**Q** 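Right, I'll just put the structure down here and ask away after.
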There are 2 protein chains.
Amino acid sequence: MKYSLIDLQKRLLPDLVSVMQKRFSILQFIGLMEPVGRRNLSVSLGVTERVLRSEVTFLKDQNLISVSSLGMSLTTEGKDLLESLESVMREITGIDKMEEQLQNILGVEKVIIVSGNTDVSPWVKSELGRACAMRMNQSLQGENIIAVTGGSTMAAVAEMLTPEVSKDFVFVPARGGIGEDVQNQANTICAKMAERTHSKHRVLYVPDQVSSETYQTIMKEPHIKEVLSLIKSASMVLHGIGDAITMAERRKTSREDLYKIQQADAVGEAFGYYFNESGEVVHKVHTIGLQLDDLEHAEHVIAVAGGSSKGKAIRAYMKQAPKNTVLITDEGAALQLLKG
Amino acid sequence: MKYSLIDLQKRLLPDLVSVMQKRFSILQFIGLMEPVGRRNLSVSLGVTERVLRSEVTFLKDQNLISVSSLGMSLTTEGKDLLESLESVMREITGIDKMEEQLQNILGVEKVIIVSGNTDVSPWVKSELGRACAMRMNQSLQGENIIAVTGGSTMAAVAEMLTPEVSKDFVFVPARGGIGEDVQNQANTICAKMAERTHSKHRVLYVPDQVSSETYQTIMKEPHIKEVLSLIKSASMVLHGIGDAITMAERRKTSREDLYKIQQADAVGEAFGYYFNESGEVVHKVHTIGLQLDDLEHAEHVIAVAGGSSKGKAIRAYMKQAPKNTVLITDEGAALQLLKG
DNA sequence: CTAAGTGGGACATAATAAGTCCATTAGGGA
DNA sequence: TCCCTAATGGACTTATTATGTCCCACTTAG
């Protein structure tokens, strides 16, 4: 894999872009409003006057702006620089801008975008995983219960976890009996995550379709009851988002359910819930564990999904998603979301 | 004029390159010596252990290196990054490296290189001027007497001065009677510099070739005496470096002097002194004002000259140049200097 | 078993950034 | 002409961050 200059720099100096962005927008505003005073400018930019002042002295030393008793203006040099910057910044901060835009559009806590498109470049899935692991590392400290769903994306997240993240985790499958191949089952993924972080996990095996009677019996099982209470008290929920039809087909969905899903124009799926384009729940896999309403009570909710083909699914689910959700996605999906 | 990405970044975040360089070399060393411990590494890199430690924790957080009880090693990611970095850094820090090398080779206080080649791109001369103005800004505060020579390069410096540099300057021509066209005469340039910085200047008009008798008379002139004493007490000397033959031809040099200069294989010229490739003075324009020996007593000496055609001249003069000289040149000349 | 190497914890201190308040001044409108 | 507003820049305090310093526990090679 080949890194671009800016990627290298981001890695070696992570707040390069944010600093550049800050100074760039100061120049931009001055260019727009010149001559302009500090107070005036600081409110426009939403920074305190003091930090603006520091920036201003810096820019003055760099000979990019000149100050007079009328206010600040760009120097000829500053104008030239700004001109070159305009095009460069669009490129550099494209992703950052997209994150911001999506945060606003989707109305969630945070959107994290990794560059690339999972549909085109499979390795981007690992990048999603890494971004998720990083986020977990940032948000969590000490003991935590983490509820996890299945899917290949979640499997990628598991692969990117390291013991450094923490050791006091308990991973639990978010819901029982969502039949997939073993490798991508929630139970398997929980085990993998626990292994990679040197922490613990629980399993939850329940038959998919059961009679009401059997259901009651199962629910009385102490082991099951414990896992269920763990799920309800999870401080973090980690889940993927899938394309409705793909998911339905992958699972052993009954013919009538499949028909129902198709008729209702379901496009998205997350932890067993199917959503149409308006974000309404049109079908729900009947099983125990985490329910949609429970999400709001979790401190952290991270949704991970990438690839332009998942754009619709993500948009659909996001209409229902609780505000405390953090969406981790890729450029491919992000562009789809913005197109909408 | 079009700025490149890295130029923009340097301007918006001046210590970007130095930070990148530092972290890059840490990665480089670890890659070379892994596994290696902190103490060991810190002496190799010549940084204190504590700052290395801060860097290490940073690199660890970035997942570029891994630490164990054996020491530090690169992660796979770190290796990938390093590989990409090797080529990028060569490019980015090429000029910085050249500056360092030339400082050592020439044995002067500082070498500042601007990118480009004055011979090819005329606008680079303005860049030289800007670099000089910046340097002046950095080194000088309060009241200063500045002795200046003539030449088109010095004229370019004058063009780039701004009132921000300071207002308490007195510009004086370094030497009298070095005949050139009016535009590039020391007197004209001093006037221009004074005008652009809102400060003062003096003029010094003396005939080129005079009899000993006339000379004595002139020297008694109070106005001349004052200017001469200003020159001797200048805290900064600003001068260009020229190609010997070109300069000799441009001046109204007598036939015998021209012959003398050519016979002595003079290649370089600065403030009326002609130097051969060994740096020996082979001819000297007889006039009053700044003498070569006076340079050592000036606090700051800035020599400005660019263009690959001036490489030889610069090298010749630099053999004589006082140690407190700051050389401002361009890539074209710098490459010539390094070739030698 | 020892000794030399390792990382990392803990704390003091220096350097830097940011918050806060105010003095001074230039320019524009009445 | 004069005053009022908005401007910068100085000065001080406080918070945050980087660095210097010392030491301890641990691993591993010999």
Side-chain angles (χ1 to χ4, degrees), chain A residues 12-16 18-23 26 29-75 78 141-142 162-167 198, chain B residues 12-16 18-23 26-27 29-75 78 137 141-142 162-167 198:
Chain A
L12 247 41
L13 203 64
D15 41 40
L16 167 75
S18 63
V19 173
M20 281 185 70
Q21 221 169 336
K22 182 171 60 177
R23 299 193 168 155
I26 292 175
F29 267 71
I30 293 179
L32 217 63
M33 307 167 62
E34 69 181 353
V36 61
R38 268 202 324 245
R39 327 283 151 88
N40 216 327
L41 193 57
S42 68
V43 301
S44 299
L45 288 163
V47 295
T48 71
E49 195 188 322
R50 194 59 181 78
V51 341
L52 178 69
R53 189 170 160 185
S54 305
E55 294 300 328
V56 160
T57 38
F58 168 82
L59 293 171
K60 198 178 55 184
D61 286 346
Q62 290 293 314
N63 234 299
L64 298 174
I65 65 176
S66 61
V67 308
S68 72
S69 56
L70 293 143
M72 301 169 281
S73 320
L74 295 183
T75 61
Q141 321 202 14
T162 57
E164 280 102 57
V165 176
S166 176
K167 300 175 181 181
H198 303 330
Chain B
L12 247 43
L13 203 65
D15 42 38
L16 167 76
S18 64
V19 173
M20 281 186 71
Q21 223 168 335
K22 181 170 64 178
R23 297 191 170 157
I26 292 175
L27 286 177
F29 264 80
I30 293 180
L32 217 63
M33 307 167 65
E34 70 181 351
V36 60
R38 259 196 340 236
R39 327 283 150 93
N40 215 329
L41 192 58
S42 68
V43 300
S44 299
L45 288 164
V47 295
T48 71
E49 194 187 324
R50 193 59 181 80
V51 342
L52 178 68
R53 190 169 161 186
S54 304
E55 294 302 326
V56 160
T57 38
F58 168 81
L59 293 172
K60 198 177 58 185
D61 286 347
Q62 289 293 315
N63 235 300
L64 298 174
I65 66 176
S66 62
V67 308
S68 73
S69 56
L70 294 138
M72 301 169 279
S73 320
L74 295 182
T75 61
N137 197 6
Q141 323 202 11
T162 58
E164 281 102 56
V165 176
S166 177
K167 298 174 183 183
H198 302 332

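All values derive from a computational prediction rather than experimental measurement. Every chain is numbered from 1, with letters handed out A, B, ... down the list of sequences.
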**Q** Provide the closest heavy-atom pair for A:Ile65 versus A:Thr75 in the form atom of the first, atom of the second, distance.
**A** C-CG2, 3.6 Å
**Q** Within a strict 4.5 Å, meaning less than it, do heavy atoms of the B:Val36 and B:Phe29 side chains meet?
**A** no
**Q** Classify the side chain of B:Arg53 versus the base of C:dG9 as yes if they form a donor-acceptor pair under 3.5 Å and no if they do not.
**A** yes
**Q** With rounding to the nearest 0.5 angstrom, report the CG to CG distance, A:Leu74 to A:Leu32.
**A**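 So the CG of A:Leu74 and the CG of A:Leu32 are separated by 10.0 Å.
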**Q** Can you measure A:Glu49 atom CD to C:dC21 atom C1' for me and round it to whole angstrom units?
**A** 11 Å
**Q** What is the separation between atom CZ on B:Phe58 and atom C1' on D:dA18, rounded to the nearest whole Å?
**A** 15 Å
**Q** Taking atom P of D:dA18 as reference, at what distance in whole Å does atom CG of B:Asp61 sit?
**A** 12 Å
**Q** With nearest nucleotides of DNA chain D determined for B:Arg39 and B:Glu55 from heavy-atom distances, which residue corresponds to the more 5′ nucleotide?
**A**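 Result of the comparison: B:Glu55.
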**Q** Check the pair B:Leu64, A:Leu12 against side-chain contact (heavy atoms from CB on, under 4.5 Å), reporting the backbone distance first and the verdict last.
**A** CA-CA 10 Å; B:Leu64 298 174; A:Leu12 247 41; 4.2 Å; yes
**Q** Base, sugar-phosphate or nothing for B:Val36? Non-hydrogen atoms, less than 4.0 Å.
**A** sugar-phosphate
**Q** Heavy atoms only, 4.0 Å cut-off, all strands: where does B:Ser68 land among base, sugar-phosphate and nothing?
**A**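 Touches sugar-phosphate only.
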**Q** Of the candidate nucleotides C:dA18, D:dG9, C:dG7, which contains the atom at the shortest distance from the side chain of A:Lys60?
**A** D:dG9
**Q** Under 4.0 Å: is that the gap between some side-chain N or O of B:Asn40 and OP1 or OP2 of C:dT6?
**A** yes
**Q** State, with a plain yes or no, whether a side-chain heavy atom of A:Leu13 is found less than 4.5 Å away from one of B:Leu13.
**A** yes
**Q** Quick one: the side chain of A:Arg38 and the base of D:dG9, do they pair up donor-acceptor inside 3.5 Å?
**A** yes
**Q** On DNA chain C, does the nearest nucleotide to B:Gly37 precede the nearest nucleotide to B:Arg50 from the 5' side, or the other way round? Give the residue.
**A**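 It is B:Gly37, whose closest nucleotide lies nearer the 5' terminus.
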**Q** Classify A:Thr48 by what it touches in the nucleic acid, base, sugar-phosphate, or nothing, heavy-atom distance under 4.0 Å.
**A** sugar-phosphate
**Q** Send over the distance from A:Asp15 CG to D:dT17 P, rounded to a whole Å.
**A** 12 Å
**Q** Between B:Leu52 (CG) and D:dT21 (C1'), how many Å, whole number?
**A**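 The answer, rounded to whole Å, is 16 Å.
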**Q** Would you indicate which nucleotide in C:dA18, C:dG7, D:dC22 comes nearest to any side-chain atom of B:Met72?
**A**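 The nucleotide sitting nearest to the side chain is C:dG7.
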**Q** Write out a two-atom table: protein N or O, nucleotide N or O from nucleotides 26-30 of chain C, distance below 3.5 Å.
**A**
unit_1	atom_1	unit_2	atom_2	d
C:dA26	O3'	A:Ser69	OG	3.2

**Q** Roughly how far apart are B:Asp15 CG and B:Met20 CE, rounded to 0.5 Å?
**A** 12.5 Å
**Q** Any side-chain donor paired with an acceptor under 3.5 Å for B:Ser54 and B:Arg50?
**A**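 On atom types as modelled, these side chains qualify, holding a pair under 3.5 Å.
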